[in-house]
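Following: one structure in structure tokens, then a few remarks.
Within every chain, numbering begins at 1; the chains are lettered A, B, ... in the order of the sequence lines, protein sequences first and strands thereafter.
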Number of protein chains: 2
Amino acid sequence: MTPSDKALVPFVSVEAMMRLIHAVGLRPMIAAIAQAIEEDFLRWESFDKTPRVAAHSPVGVIELMPTADDTHYAFKYVNGHPKNTQDGLQTVTAFGLLADMATGYPLLLSEMTLLTALRTAAMSALAAKHLAPSGSRVMAMIGNGAQAEFQSVAMQHIVGIDTVRLFDTDPAATAKCARNLASTGLTVVPCRSPEEAIEGAQIVTTCTADKRSATVLSDNMVGAGVHLNAIGGDCPGKTELAEAILHRSTIFVEYPPQTRIEGEIQQLAPDHPVTEFWQVLAGRAPGRTADRQITLFDSVGFAIEDFSALRTVHAKALETGQFAMLDLLADPDDPRDLFGMLMRAEAAQAA
Amino acid sequence: MTPSDKALVPFVSVEAMMRLIHAVGLRPMIAAIAQAIEEDFLRWESFDKTPRVAAHSPVGVIELMPTADDTHYAFKYVNGHPKNTQDGLQTVTAFGLLADMATGYPLLLSEMTLLTALRTAAMSALAAKHLAPSGSRVMAMIGNGAQAEFQSVAMQHIVGIDTVRLFDTDPAATAKCARNLASTGLTVVPCRSPEEAIEGAQIVTTCTADKRSATVLSDNMVGAGVHLNAIGGDCPGKTELAEAILHRSTIFVEYPPQTRIEGEIQQLAPDHPVTEFWQVLAGRAPGRTADRQITLFDSVGFAIEDFSALRTVHAKALETGQFAMLDLLADPDDPRDLFGMLMRAEAAQAA
């Protein structure tokens with residue numbers, strides 16, 4: 001009763017993902033994902049796009065994020081439950097699947113809790129590389145939860161920052177983050193207020209988890225010539241920036257139909273002008289045009305980024321051998337004989 | 001580096017599903033799913049409902065089917081690629097997930113190729129029990145592919161039929177189906193035409209797989225006083241019944257917004273009257289009202305049925321022990337310390 005090859009789907013568990021990341025190297029892995037995102041954003045129009053499909057409850061949200069091109073299909077399952085940490089659970093967990101459009105058969109099932117942290121960091125860094133003031137060296141990191149170190153390392157490797165200034169309402173989170181970044185080569189400055197954190201920063205990343213309209217940054221805190229990387233606002237009713245900041249910013253987004261529902265711009269009129277970031281990459285729209293401009297990447301995470309991350313993991317898993325085979329699909333000898341397969345299994349199990 | 005309990009998701013592989021079905025018994029398992037569907041349809045309004053999210057290609061479709069109530073969330077991944085059988089692959093493969101709405105954490109990952117066959121048969125039989133002429137004993141089964149035996153056994157166990165009359169354009173499929181049904185107690189009659197198959201049948205089930213508008217049943221073939229169970233039409237452009245039959249039938253559907261796109265009724269005006277089947281179960285709408293009436297269950301499969309099937313499997317898997325634990329979720333000791341978990345894994349792996 002050993003399943004045939006066609007029944008088996010390569011599976012990257014959390015353990016395998018950690019081994020894979022270490023085999024490739026954390027920074028090269030983030031860079032590979034950033035490159036895959038850039039490649040996929042440059043062929044934006046070849047993807048089948050849809051806003052994510054969300055199931056909301058009073059305490060959180062569960063979402064499916066599918067996308068496809070002519071050859072591959074991907075989706076991610078992801079939850080967001082801010083109160084989970086009180087019970088020792090992750091706020092965000094995720095897994096995803098890559099499939100073959102020609103047959104509908106899965107090619108890869110993968111954990112995506114770690115992978116989402118990597119791809120979010122890769123996306124943020126790719127955007128900052130094109131939108132932040134040239135020569136940016138200092139990032140303020142507001143919110144020092146699970147994403148903070150990945151953001152910092154990606155900005156270091158891809159954008160070239162050398163200093164992160166940390167703030168969190170919980171000093172223990174800042175201490176954890178500072179400890180983890182100690183050996184990265186970054187200068188790490190724990191701060192006691194958001195105001196202190198953004199002093200001298202060219203890049204300000206906000207990544208907080210409350211499911212409500214918050215004002216992590218107020219209008220008077222944000223001066224000219226910065227790049228705002230707002231990644232914590234990612235569902236209806238959850239924002240991080242004062243509305244006035246948005247009116248002073250040139251706003252870049254991933255996929256407007258989704259960002260208008262979930263991003264910072266849910267605070268604005270539905271026709272407020274925004275630029276799709278892929279158009280900047282493609283040279284179809286300007287990025288930063290002036291030193292004193294405030295650029296805002298209002299990032300909620302989009303399915304194509306997960307597609308890019310999954311195809312990177314698929315390639316790296318096959319290279320490194322960091323996967324197991326999972327008996328996920330029924331594969332009778334005669335595809336029409338599912339019933340016969342079931343009946344023969346009973347005989348085989350009884351024997 | 002053994003993952004903690006919170007990182008592990010119960011997984012029912014194909015092999016485990018076959019053992020589970022045999023441990024419970026095929027007929028009791030189908031009956032349990034039918035009962036769960038009935039319970040869930042009776043609280044229809046407590047579900048978050050959405051038409052499935054489809055990615056179409058020239059050769060097939062990949063779909064996600066999510067739904068949720070206050071406590072549980074479920075989705076199914078399912079493909080439909082009619083040409084797959086030419087390459088020794090299944091036309092339809094599927095897997096699915098049950099999750100906890102309070103935390104967003106998965107409770108069960110399960111194969112659903114076999115399970116979809118069971119839940120489709122359970123759904124068809126539940127509908128026929130309420131819509132077919134009382135005392136129905138004979139079913140015509142048009143299309144003798146992977147679903148045919150499950151349909152036959154469910155109709156035998158839940159509706160009480162004693163005879164199936166089989167037709168398929170491929171005689172080998174009919175022979176396979178007849179062979180598999182030989183020991184079920186059903187009288188099995190292989191037929192050489194659809195006309196021959198429907199002779200004397202009170203229930204006519206059509207389950208063919210072509211991705212195009214076909215006419216498996218033409219108008220003059222369908223007499224008065226039958227129940228049509230049309231389950232093969234399940235995507236845009238794919239239908240099985242001549243339009244004229246629809247005009248003579250009282251039509252019952254699962255979820256109109258989805259069926260109008262995918263079902264037989266895509267041939268009709270968008271305001272053509274249909275009855276939601278759950279309303280029949282709930283006593284809010286009439287089912288069959290006359291002996292000579294033609295009832296049509298225009299079934300495309302709906303997410304709540306998969307929800308019902310997954311919660312049944314979850315309970316039965318825990319009862320029978322037929323599952324494995326899958327390291328699908330990252331679970332750092334401190335939920336905010338994903339990065340630290342990754343770094344410590346490297347140290348542990350190097351040690």
Side-chain angles (χ1 to χ4, degrees), chain A residues 1 3 6-7 13-15 18-19 21-22 48 50 53 55 57 59-60 62 64 66 68 73 75 77 79-81 84-85 88-91 93 95 97 99 101-105 111 113-114 117 145-146 149-150 173 176 180 327-330 334-340 342-343 345-346 349, chain B residues 1 3 6-7 13-15 18-19 21-22 48 50 53 55 57 59-60 62 64 66 68 73 75 77 79-81 84-85 88-91 93 95 97 99 101-105 111 113-114 117 145-146 149-150 173 176 180 327-330 334-340 342-343 345-346 349:
Chain A
M1 288 313 299
K6 287 170 187 163
S13 68
V14 175
E15 178 69 24
M18 293 198 291
R19 289 181 183 276
I21 292 169
H22 294 309
D48 194 4
T50 176
V53 184
S57 81
V59 294
I62 296 175
L64 297 175
Y73 173 93
F75 82 88
Y77 169 102
N79 75 300
H81 287 72
N84 270 4
T85 49
L89 301 174
Q90 287 286 109
T91 298
T93 63
F95 70 92
L97 186 97
M101 283 294 278
T103 62
Y105 269 51
E111 86 81 35
T113 309
L114 277 161
E149 299 93 334
F150 296 98
K176 177 262 326 179
N180 282 334
D327 171 24
L328 187 63
L329 305 178
D334 172 354
R336 292 175 307 192
D337 199 10
L338 198 61
F339 191 87
L342 177 63
M343 293 301 114
E346 183 170 30
Q349 285 162 13
Chain B
M1 291 310 300
K6 286 169 187 162
S13 68
V14 174
E15 178 69 23
M18 294 198 291
R19 289 181 183 277
I21 292 168
H22 293 309
D48 193 4
T50 176
V53 184
S57 80
V59 295
I62 296 176
L64 296 174
Y73 173 92
F75 82 87
Y77 170 101
N79 76 299
H81 287 73
N84 270 4
T85 48
L89 300 174
Q90 287 285 109
T91 298
T93 64
F95 70 93
L97 186 96
M101 281 295 276
T103 63
Y105 269 51
E111 87 81 35
T113 309
L114 277 159
E149 299 93 334
F150 296 97
K176 176 264 323 179
N180 283 334
D327 171 25
L328 187 64
L329 304 179
D334 172 355
R336 293 175 306 191
D337 199 10
L338 199 60
F339 192 87
L342 177 63
M343 292 303 112
E346 182 171 31
Q349 285 163 12

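Residue B/L342 holds its CG atom at 6.0 Å from CG of A/L114, rounded to the nearest 0.5 Å. Within the model, atoms NZ of A/K176 and CG of B/D334 stand 7.0 Å from one another, a figure rounded to the nearest 0.5 Å. Note that CE of A/M343 is 10.0 Å distant from CE of B/M18, once rounded to the nearest 0.5 Å. Distance OG1/B/T113 to CG/A/L328: 7.5 Å, rounded to 0.5 Å.
Between A/N84 and B/T103, the shortest heavy-atom distance links the atoms ND2-O, 2.9 Å. Across A/A102 and B/V59, no two heavy atoms sit closer than the pair O-CG2, 3.5 Å. The two residues B/Y105 and A/Q90 have their closest heavy-atom pair at OH-N, 2.7 Å. Taking every heavy atom of both residues into account, A/A55 and B/M101 meet most closely at O-CE, 4.2 Å. When every heavy atom of B/T93 is checked against every heavy atom of A/G104, the shortest pair comes out as OG1-O, 4.3 Å.
Proximity to chain A (any heavy atom under 4.5 Å) is restricted, for B/A68, to the side chain, taken from C-beta onward. Contact of B/F150 with chain A is made through backbone and side chain together, with heavy-atom distances under 4.5 Å. In this structure, the portion of B/I21 lying under 4.5 Å from any heavy atom of chain A is its side chain and not its backbone. Proximity to chain A (any heavy atom under 4.5 Å) is restricted, for B/A117, to the side chain, taken from C-beta onward.
You'll find the ring centres of B/Y77 and A/Y77 outside the 6.0 Å limit.
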Task: Pair B/E149-A/D337, side chain to side chain contact (heavy atoms under 4.5 Å, CB included): steps then yes or no - done: CA-CA 9 Å; B/E149 299 93 334; A/D337 199 10; 4.2 Å; yes

TODO: Dump the intermediate steps for side chain to side chain contact (heavy atoms under 4.5 Å, CB included) on B/T91 and A/R336, then the final yes or no.
DONE: CA-CA 8 Å; B/T91 298; A/R336 292 175 307 192; over 6 Å; no

Open item on the list: For a side chain to side chain contact (heavy atoms under 4.5 Å, CB included) check, start with the C-alpha distance between B/F75 and A/I62, then their side-chain angles and the critical distance, and finish with the verdict.
Closed with: CA-CA 11 Å; B/F75 82 87; A/I62 296 175; over 6 Å; no

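In terms of heavy-atom pairs under 4.5 Å with chain B, the best-connected choice from A/L89, A/N79, A/D48, A/V53 is A/L89. Chosen from A/T85, A/T50, A/L64, the residue pairing most often with chain B at heavy-atom distances under 4.5 Å is A/L64.
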